[in-house]
Colleague: 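Sharing a structure with you now.
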Amino acid sequence: MRAVVQRVQRGSVTVNNELVGEIGHGLVVLLGVGQGDTPDDARYLADKISQLRIFDDDQGKLNLSVQDVGGGVLAISQFTLYGDCRKGRRPSYSEAAPPEVARELYQVFVQRLICNGLPTATGVFQEHMVVEIINDGPVTLLLDSRKTF
C-alpha cells in the first residue's frame, strides 16, 4: 500500500461540483492499494501516518504529529500511485489491486484513522474527484507499507 502524505493548511474534495469532504489544518493522504496488500498494510499505514512527527513544535522543529496538533485527515483513494511508467508512454496499472479489494482496504485504512481519534474526511471511491490541497511547508512524504521507499 502506498501513500502520498501532504501537510496542509486545508484540503477539500468535490465530486460532480458537490463538496464531499474537507479539512482544515492537517494531512491530505492520497492512498493507493496494490496487489497482495492486506488489512495489516492498511492498519500499519494509518498508524504510521497518525503518528508521523511532521508538524512544528514551539521551537519550529518537526516534532509533532497530526494527533498532537488536533489536525484532521482527508483520505483520497488513488490507484494511479501504482502506475508503472518505466516502459513506453502509457502507465501500466497491473500492480494496482482490483477495485473490490482496494475499496475494502481503503475503508480499513479510514476506519483505523478514525479509531486513532483523527477527524477524517474522504472522497468517493472510483469517482472522478477534484482535490484542492493547500500544502503547508511544503511538506510531502511518500510511504509504502512494504518499505520499498
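We use all heavy atoms of the structure for the numbers below, so side chains are in, but hydrogens, waters and symmetry mates are not.
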Colleague: Quick one: are P119 and I23 in side-chain contact, heavy atoms under 4.5 Å?
Modeller: no
Colleague: Verify the neighbour count for atom CD of E95: are there more than 12 heavy atoms of other residues, nucleotides or ligands below 6.0 Å?
Modeller: no
Colleague: Would R43 and F109 count as a cation-pi pair here, with the cationic atom under 6.0 angstrom from the ring centre and within 45° of the axis?
Modeller: no
Colleague: Between T122 and L74, is any pair of side-chain heavy atoms under 4.5 Å apart?
Modeller: no
Colleague: Looking only at side-chain N and O atoms, does Q51 offer a donor or acceptor that is under 3.5 Å from a partner on S65?
Modeller: no
Colleague: If every non-hydrogen atom of L105 is compared with every non-hydrogen atom of A42, which pair is closest and at what distance?
Modeller: O-CB, 3.6 Å
Colleague: Please walk me through it: do Q6 and V139 pass side-chain contact (heavy atoms from CB on, under 4.5 Å)?
Modeller: CA-CA 6 Å; Q6 295 191 325; V139 173; over 6 Å; no
Colleague: Do side-chain atoms of S50 reach the backbone of K48 as a donor and acceptor pair under 3.5 angstrom?
Modeller: no
Colleague: Report yes or no: does Y82 contribute a side-chain atom to a donor-acceptor pair with the main-chain N or O of M1 at less than 3.5 Å?
Modeller: yes
Colleague: Using a strict threshold of under 4.0 Å (side-chain N to carboxylate O), is an ion pair present between D68 and R53?
Modeller: no
Colleague: To check you understand the geometry: which heavy-atom pair defines the closest contact between V5 and L27, and what is its length?
Modeller: CG1-CD2, 4.0 Å
Colleague: Could you check whether any side-chain heavy atom of T120 comes within less than 4.5 Å of a side-chain heavy atom of Q111, counting everything from C-beta outward?
Modeller: no
Colleague: Could you pull out the closest heavy-atom pair between Q126 and R103, with the gap in Å?
Modeller: OE1-NH2, 3.3 Å
Colleague: Can you name the nearest heavy-atom pair linking I133 to V28, along with the distance?
Modeller: CD1-CG1, 3.8 Å
Colleague: Step through the shown structure and confirm whether more than 12 heavy atoms of other residues, nucleotides or ligands are within 6.0 Å of CD on Q35.
Modeller: yes
Colleague: Please lay out, stage by stage, how N16 and H128 fare under the test side-chain contact (heavy atoms from CB on, under 4.5 Å).
Modeller: CA-CA 8 Å; N16 297 322; H128 179 88; over 6 Å; no
Colleague: Contact between R2 and L143 at the side-chain level, heavy atoms closer than 4.5 Å - yes or no?
Modeller: no
Colleague: Taking L81 as the starting point, is it possible to reach M129 by hopping between hydrophobic residues whose side chains are less than 4.5 Å apart?
Modeller: yes
Colleague: Once rounded to the nearest 0.5 Å, what's the spacing between atom CD of Q78 and atom OH of Y106?
Modeller: 11.0 Å
Colleague: Linking I/L/V/M/F/W/Y whenever their side-chain heavy atoms sit closer than 4.5 Å, directly or via other members, would L45 and L52 fall into one cluster?
Modeller: yes
Colleague: Any Lys/Arg nitrogen of R86 or D84 sitting under 4.0 Å from an Asp/Glu carboxylate oxygen of the other?
Modeller: yes
Colleague: Walk me through it: do H25 and R10 pass the test side-chain contact (heavy atoms from CB on, under 4.5 Å)?
Modeller: CA-CA 5 Å; H25 183 66; R10 68 180 179 277; over 6 Å; no
Colleague: If every non-hydrogen atom of R7 is compared with every non-hydrogen atom of F55, which pair is closest and at what distance?
Modeller: CG-CE2, 3.3 Å
Colleague: Under 4.5 Å between side-chain heavy atoms, hopping through other hydrophobics if needed: is there a path connecting V130 to V124?
Modeller: no
Colleague: Let's go through T140 and N135 carefully: what are the C-alpha distance in whole Å and the side-chain angles of both, what is the deciding distance for side-chain contact (heavy atoms from CB on, under 4.5 Å) to 0.1 Å, and is it a yes or a no?
Modeller: CA-CA 8 Å; T140 302; N135 196 308; 3.1 Å; yes
Colleague: Could you check whether the rings of Y93 and F79 sit parallel, tilted or perpendicular, using 30° and 60° as the cut-offs?
Modeller: perpendicular
Colleague: Are V4 and I134 linked, directly or through intermediate hydrophobic residues, by side-chain heavy-atom contacts shorter than 4.5 Å (ILVMFWY only)?
Modeller: no
Colleague: Applying the salt bridge (Lys or Arg N to Asp or Glu O under 4.0 Å) test to R112, which of D47, D40, D41 qualifies?
Modeller: D47
Colleague: Taking atom CD1 of I54 and atom CG of L62, what is their separation to the nearest 0.5 Å?
Modeller: 8.0 Å
Colleague: For E18, does the CD atom have more than 12 heavy-atom neighbours from other residues, nucleotides or ligands under 6.0 Å away?
Modeller: no
Colleague: Can you give me the closest heavy-atom contact between G21 and A121, atom names plus distance?
Modeller: CA-CB, 4.1 Å
Colleague: Do Y44 and V101 sit in one hydrophobic cluster, given that two such residues count as connected whenever their side-chain heavy atoms are within less than 4.5 Å of each other, even indirectly?
Modeller: yes
